[in-house]
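Report on one structure; see the data block that follows.
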Amino acid sequence: MDQGTNSYRTGPDENGRFGLFGGRFVAETLMPLILDLEAAYEEAQNDPAFAAQLDDLQTHYVGRPSPLYFAERLTEHYGGAKIYLKRDELNHTGSHKINNCLGQILLAMRMKKTRIIAETGAGQHGVAVATVAARFGLPCTVFMGATDIERQKPNVFRMKLLGADVRAVTSGAGTLKDAMNEALRDWVTNVHDTFYIIGTVAGPHPYPAMVRDFQSIIGRETKEQMHAREGRLPDSLVACIGGGSNAMGLFHPFLDDASVRIIGVEAGGHGLDTPDHAASLAGGVPGVLHGNRTYLLQDGDGQITEGHSISAGLDYPGIGPEHAYLRDTGRVEYVSATDTEALEAFQLITRLEGIIPALEPSHALAYVSKIAPDLESDHLLVMNLCGRGDKDVFAVAEHLNVEL
Amino acid sequence: MTRLETCFETLRSQDRKAFVAFVTAGDPDLATSAKILDGLPAAGADIIELGMPFTDPMADGPSIQAASQRALAAGQTLLGTLDMVRAFRETNDTTPIVLMGYYNPIYIYGTERFVADALAAGVDGLIVVDLPPEEDAELCLPALAGGLNFIRLATPTTDDKRLPEVLNNTSGFVYYVSITGITGSAAPQQQDVAANVARIKRHTDLPVCVGFGIRTPEQAKAMSEISDGAVVGSALVDVITEHLDAQGHAKDTLVQSVLALASSLAEGVNRD
């Protein structure tokens, strides 16, 4: 935080730091490109043509603004806070990931890069990348852990239909962390022509800030929509966190609105008292991985441990560095929800609102279910429904012991 | 003078080039790894790069990734790696040892404590892949202040504008990464490497060694002809992999096979 202005929204500094967190911890081969990217992004931010092109695509290709929906039956069910859902699951491709991918692919083309790579966990980011790559005619390779490929088959096929080359990563546990390692290895090898579209608010500077900026459209719309509906700010915001891009997108425009309580929900897996969770803030300590310093799940020797979550999109052992900073400053509360709680929430919202959510935002809803009943009826709560659940239907059936 | 400076001065006076051998500490198990380390100087290694295993070696190809995993599975820790160096120093006080790896285990160990313990163990220099000059305050400056050499990687993407920044605070030698890529991948082109080594030498008086993708005595010779030395890692590690039994345990032939390749590489480096 910039102490002089008392704002939580001024980061990162010129070294890419949010307080202790962030930075540029990458191999020298990538360093010149990271600096080029920073310059190109700055230039694009000052170019009205870039913003105009992005706006046009957000409107006509993605379908923004996404609705801010009053969830009447959920509200009745809990009998407390007035619950609104920010419907980013209605975006083209079914999640918030497209917001960022469009911004980054426009930047890639400005930088004359001719090949796109990405990592993916649940496949939501991979699908969004494959989509924009198809839209703009660029070849695209998506790295995905072999374990995740197994549990996210529908998204794997979608990526392939869109023309992406999906590479199975077998190193480590074959999940998101390993996919990111492999994407970095590809990038370092093909640095001359390749643009790496990172899917979350992590990685070396300027990625955390850039992805946040592209996702902040979620929070800006929410602010306007809530003003139109209720004539004031919401009282609380709730979003799930893996790397933390949907949460950062919702939270950032509200960080300096002191009356707004902001809550991030990490994946509690089998419980924080077990080793099987992906709650980096609750169970990790600061370390350096994938280009930035942040809270990481690791052992006493600095070896990274595998996160676990029922949701392939949340089982990353780290978290975006700006979240680490917001936790340490106390501006945002970070809590967790377990696999079981998320599954219950998944079924509840499906039955009550006719919306099948992804397992990721089901974690956010699980936490809403803990606090909503005790809040006043004029308390305005916004939950980011950042993805739809089509991709999870098979996995959920398995967890519920239903044979399809 | 540090062991590294003495080493390069001796090589220069003998008109020889450096053979730098890389192995991962603790691969495939702690005892076998120590035997390899102890045997490398006699096999002709002028400098030893000892890999500090890490779960997420982003700059390494499959060979060294697997070496890291084997070492970690065998129980290697950063403390264990320093112990290996300490034991090596009981019988060898001349061959420089450079620890190579990633920042997180050092950060968790504590940088000040690490610099002090590394010096006390007899470590001469550090190569930390994910610490570019932009992050010098983290470890490079404390290491230099403590008396360790900090060896920086220069790459084909490091242009003339950036080179001075990369070379600033670099000591011991410069490690030129001969390809854009990960360890053990494509073979470097002598002509391209020669031009880049010459470019680096216009900016520094430090020795320049070349690594990444060098596998054979012939390649080692080609690379050392146009530089001050050649680094070989993945090819040595592959010999370890080839000499594991079905349970992943070291066969009796492992150590001598690794050292045999080291000897032929060392001979290649200085072949006329």
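Order of the sequence lines sets the chain letters (A, B, ...), proteins ahead of strands, with each chain counted from 1. The model shown is predicted, which means the values in this text are computed figures rather than measured ones.
Neither the backbone nor the side chain of B/E165 comes within less than 4.5 Å of any heavy atom in chain A. Contact of A/L35 with chain B is made through the side chain alone, with heavy-atom distances under 4.5 Å. Looking at B/F54, the atoms closer than 4.5 Å to chain A (heavy atoms on both sides) sit in the backbone and in the side chain alike. Residue contact with chain A, scored on non-hydrogen atoms closer than 4.5 Å, involves the side chain of B/V166 exclusively. The contact between B/L72 and chain A is made entirely by side chain atoms (from C-beta outward), counting heavy-atom distances below 4.5 Å. Looking at B/D60, the atoms closer than 4.5 Å to chain A (heavy atoms on both sides) all sit in the backbone: N, CA, C or O. Both the backbone and the side chain of A/P286 have a heavy atom closer than 4.5 Å to some heavy atom of chain B.
What you find for B/R162 and A/P32 is that their closest heavy atoms are CD-CG, 3.9 Å. When all heavy atoms of A/R185 and B/P57 are compared, the pair lying nearest together is NH2-O, 2.8 Å. The two residues A/Q303 and B/P53 make their nearest non-hydrogen contact at NE2-O, 3.1 Å. Nearest heavy atom pair, residue B/I108 against residue A/Q298, reads CG1-OE1, 3.2 Å.
With hydrogens and angles disregarded, no donor-acceptor distance shorter than 3.5 Å links the side chain of A/T29 to the backbone of B/T155. A donor-acceptor contact shorter than 3.5 Å links the side chain of B/N104 to the backbone of A/G302. Side-chain N or O atoms of B/D130 include none that pairs as donor or acceptor with a backbone N or O of A/L289 at under 3.5 Å.
To the nearest 0.5 Å, atom CG of residue A/D301 and atom OG1 of residue B/T81 are 8.0 Å apart. With rounding to the nearest 0.5 angstrom, the CG atom of A/L33 is 11.5 Å from the OG1 atom of B/T180.
A heavy-atom distance below 4.5 Å is not found between the side chains of B/E134 and A/H205. Residues A/V288 and B/Y102 fail the side-chain proximity criterion, which asks for heavy atoms closer than 4.5 Å. In this structure, A/E28 and B/V177 have side chains that are not in contact, with every pair of non-hydrogen atoms separated by 4.5 Å or more. By the 4.5 Å heavy-atom criterion applied to side chains, A/H192 and B/T157 are counted as neighbours.
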For a side chain to side chain contact (heavy atoms under 4.5 Å, CB included) check, start with the C-alpha distance between B/M58 and A/M180, then their side-chain angles and the critical distance, and finish with the verdict.
CA-CA 9 Å; B/M58 279 93 69; A/M180 197 151 180; over 6 Å; no
Hey, mind stepping through B/E138 and A/R293 against side chain to side chain contact (heavy atoms under 4.5 Å, CB included) and telling me if it holds?
CA-CA 11 Å; B/E138 296 282 337; A/R293 174 162 33 223; 2.6 Å; yes
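The number of heavy-atom neighbours closer than 6.0 Å to CD of B/Q189, taken from other residues, nucleotides and ligands shown, is 12 or below.
Comparing B/G181, B/P133, B/P62 by heavy-atom pairs within less than 4.5 Å of chain A, the highest count is held by B/G181.
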